[in-house]
Amino acid sequence: ARDQLATSDNDDHAEYNKKSRGYSMTDLLDYADRVWRGEESTEAYDFGDLRREGLHDVAPGVWMWPACGNVYIFPTREGLLFFDAGSIATAAELFAAVRTRTVDPLHTVVYSHGHVDHVAGVREFDAESETRGWRRPTVVAHENVSKRFHRYTTTNGYNTMINRRQFQRPEFQWPTVYRQPDVTYKDSAELKIGDLQIQLRHWRGETDDATVAWIPDQRIICSGDFFLWMMPNAGNPQKVQRFALEWANALRWMASLGAEILLPGHGVPIVGADRVRTALTDTAEVLQSLHDQTLDAMNSGATLDQVIHSVTAPPELMRKPYLTASYDEPEFVVRNLWRLYGGWYDGNPANLKPAQRNELAREITELSGGSHSLAQRAGELAARGDLRLAAHLAQIAVDAAPDDHPAHRTRVEVFRALEKASTSTMAKGIYSWAAAESQSVLDRVDLASALSAERNPRDRWTI
């Protein structure tokens, strides 16, 4: 199988795919090739079209469940090994898809990390094992996964709220029960299940509990969310600390392995050693650049305001199809780097012990001639394209006068314009939520009703 793998960027990919047809490969790899070349979008993946086709063969003896997030299935003589277990929304589909392909028991599950879109599909297999009298599947994870699950239960209300806002899902409820790992490791581990050997390595990146799997016999990397087919999720305004520099180091380590297939936590596989290396090193370079620029600015005495408006990602890399700012944004990564190295003080002494927001808003509004005047100016700024400045004034107007309908009307217009102008799920979610808050005041309906017309049907999401 290794001899069949591609080693160059273009022709070798097609040759690999052609030879792999002998192993009943589906057209997933053809589709992945077109996505790599920029000839096709990721919509078939994002909207679940690929998932509804069931399991896909991505290499000899390797199946992919292309869902949110991806699940990779390795049949062995002792049973199945899963790398990740998907989300609760697709858990029943995953079980059905696997059982359509094989009746072999699930032997082991490796969690790439503890985010809820990667760990929810084990319970159906646990229940099956109990019914059939099989041994329960063994779940393997980094030792910090259990700590994450504990934190999730203690911050359930907060996580419910921020994920409703981030994904515009007002009905979403953060889970309270998690399938705990049976076996944990600290730095590295090696598993041997039947004829499959898999090496696990811990790195910090999007999370502090992440695992990368390396399968040397097939030259396969299971990267988890270190590679996402989008700008790395190293910023995320509403979530806990991320680790951009260590993420870059992990990507370079993966690139050094000489892998010929990259199986990402989200998005389609990448086949061919050159492509894998390029994707990993490009992503590392983006993170390294943001890190170094931010740290240089901080070391020169810059404030947070100066840093976030001066640091930019390399534009030639951001044009790559696997680095679009469709979920996270470089500016948010910069803010997270500031938080990592500099704490929460932003360099503005008035923000050290700030007044209550509505009190400050009332003072500014009174000085400016009232909330109507402020909202009118916000509308003028928005009309000329100064959306960031318009957002400040529109927000101040409604903070000062929460029942002022003209102010709310302007706030709807400004934040809908910001949502339309934004590329990332995170920004769109927050802006859409803000617009819906004001729309609910105007229409005298609850927030869920105001959001209903703005729902985004995409099911590709990551925490």
Side-chain angles (χ1 to χ4, degrees), residues 165-166 168 231 235-238 297 302-313 315 318 324-336 338 346-351 354-444 447 450-451 453-454 456:
R165 182 165 54 226
Q166 181 161 305
Q168 302 166 54
M231 174 72 202
N236 207 321
Q238 303 180 87
T303 64
L304 176 60
D305 178 70
Q306 292 168 329
V307 172
I308 63 175
H309 288 102
S310 64
V311 174
T312 58
M318 296 305 294
T324 58
S326 59
Y327 185 67
D328 207 336
E329 298 186 30
E331 184 175 327
F332 300 157
V333 177
V334 171
R335 283 184 174 274
N336 227 335
W338 178 282
D346 63 3
N348 181 346
N351 289 335
Q356 283 191 313
R357 197 173 80 183
N358 61 342
E359 292 178 354
L360 177 62
R362 282 195 292 269
E363 289 295 321
I364 294 173
T365 301
E366 184 175 342
L367 289 170
S368 64
S371 60
H372 289 194
S373 175
L374 204 61
Q376 181 179 353
R377 180 57 178 162
E380 292 170 357
L381 290 169
R384 76 182 194 194
D386 290 339
L387 292 176
R388 291 194 184 209
L389 192 54
H392 284 292
L393 300 190
Q395 186 64 50
I396 290 170
V398 298
D399 284 344
D403 298 322
D404 186 331
H405 278 216
H408 278 288
R409 195 169 294 113
T410 299
R411 185 171 182 255
V412 169
E413 293 170 359
V414 168
F415 282 105
R416 280 183 177 163
L418 276 164
E419 180 194 7
K420 184 177 181 180
S422 298
T423 62
S424 72
T425 297
M426 296 175 189
K428 284 181 177 293
I430 290 172
Y431 291 146
S432 176
W433 192 273
E437 286 174 334
S438 284
Q439 193 66 54
S440 69
V441 173
L442 295 172
D443 296 342
R444 294 182 173 86
L447 184 59
L451 278 167
E454 306 294 328
N456 186 343

For [X], give me all partners under side chain to side chain donor-acceptor pair (under 3.5 Å), at least two apart in sequence or on another chain.
{"X": "Asp346", "result": "Asn351"}
{"X": "Glu331", "result": "Arg388"}
{"X": "Arg335", "result": "none"}

Between the side chain of [X] and the main-chain N/O of [Y], is any donor-acceptor distance below 3.5 Å?
{"X": "Thr425", "Y": "Ser326", "result": "yes"}
{"X": "His408", "Y": "Pro402", "result": "yes"}
{"X": "Asn336", "Y": "Gly235", "result": "yes"}

>> Quick one, Leu393 with Leu381, criterion side chain to side chain contact (heavy atoms under 4.5 Å, CB included). Give me CA distance, side-chain angles, the key distance, then yes/no.
In response: CA-CA 9 Å; Leu393 300 190; Leu381 290 169; 3.5 Å; yes
>> As a quick check of understanding, evaluate side chain to side chain contact (heavy atoms under 4.5 Å, CB included) for Thr410 and Gln376, giving each step before the final call.
In response: CA-CA 8 Å; Thr410 299; Gln376 181 179 353; over 6 Å; no
> How about Val398 and Glu437: do any of their side-chain heavy atoms sit closer than 4.5 Å?
Replying inline: no
> Do Val311 and Pro330 have side chains that get closer than 4.5 Å, going by heavy atoms?
Replying inline: no
Restricting to non-hydrogen atoms, name the atom on [X] and the atom on [Y] that form the minimum distance, rounded to 0.1 Å.
{"X": "Ala325", "Y": "Met231", "answer": "CA-CB, 3.9 Å"}
{"X": "Leu442", "Y": "His405", "answer": "CD2-O, 3.4 Å"}
{"X": "Trp338", "Y": "Val307", "answer": "CZ3-CG2, 3.9 Å"}
{"X": "Leu418", "Y": "Ala391", "answer": "CD1-CB, 3.6 Å"}
{"X": "Val414", "Y": "Ala390", "answer": "CG1-C, 3.9 Å"}
{"X": "Arg411", "Y": "Ala394", "answer": "CA-CB, 4.0 Å"}

What distance separates [X] [atom1] from [Y] [atom2], expressed to the nearest 0.5 Å?
{"X": "Ser438", "Y": "Glu413", "atom1": "OG", "atom2": "CD", "value": "10.5 Å"}
{"X": "Ile396", "Y": "Asn358", "atom1": "CD1", "atom2": "CG", "value": "12.0 Å"}
{"X": "Gln395", "Y": "Leu374", "atom1": "CD", "atom2": "CG", "value": "11.0 Å"}
{"X": "Leu387", "Y": "His392", "atom1": "CG", "atom2": "NE2", "value": "11.5 Å"}
{"X": "Gln439", "Y": "Arg409", "atom1": "CD", "atom2": "CZ", "value": "9.0 Å"}
{"X": "Gln238", "Y": "Asn236", "atom1": "CD", "atom2": "CG", "value": "7.0 Å"}

> Does Asp443 have any salt bridge (charged side-chain N to carboxylate O under 4.0 Å, His left out) partners at least two apart in sequence or in another chain, and if so, which?
Replying inline: none
>> Checking Asp404 now: which residues fulfil salt bridge (charged side-chain N to carboxylate O under 4.0 Å, His left out) with it, not counting sequence neighbours?
In response: none
> Going by an N to O cut-off under 4.0 Å, is there a salt bridge joining Arg377 and Glu380?
Replying inline: yes
Would you list the atom pairs, donor with acceptor, under 3.5 Å between side chains in residues 361-368 and any protein atom, with sequence neighbours excluded?
unit_1	atom_1	unit_2	atom_2	d
Thr365	OG1	Ala361	O	2.7
Ser368	OG	Ile364	O	3.1
Ser368	OG	Thr365	O	3.0

>> What verdict does the side chain to side chain contact (heavy atoms under 4.5 Å, CB included) test give for Phe415 and Ile430, after you've listed the backbone C-alpha separation in whole Å, the side-chain angles of each residue and the deciding distance to 0.1 Å?
In response: CA-CA 9 Å; Phe415 282 105; Ile430 290 172; over 6 Å; no
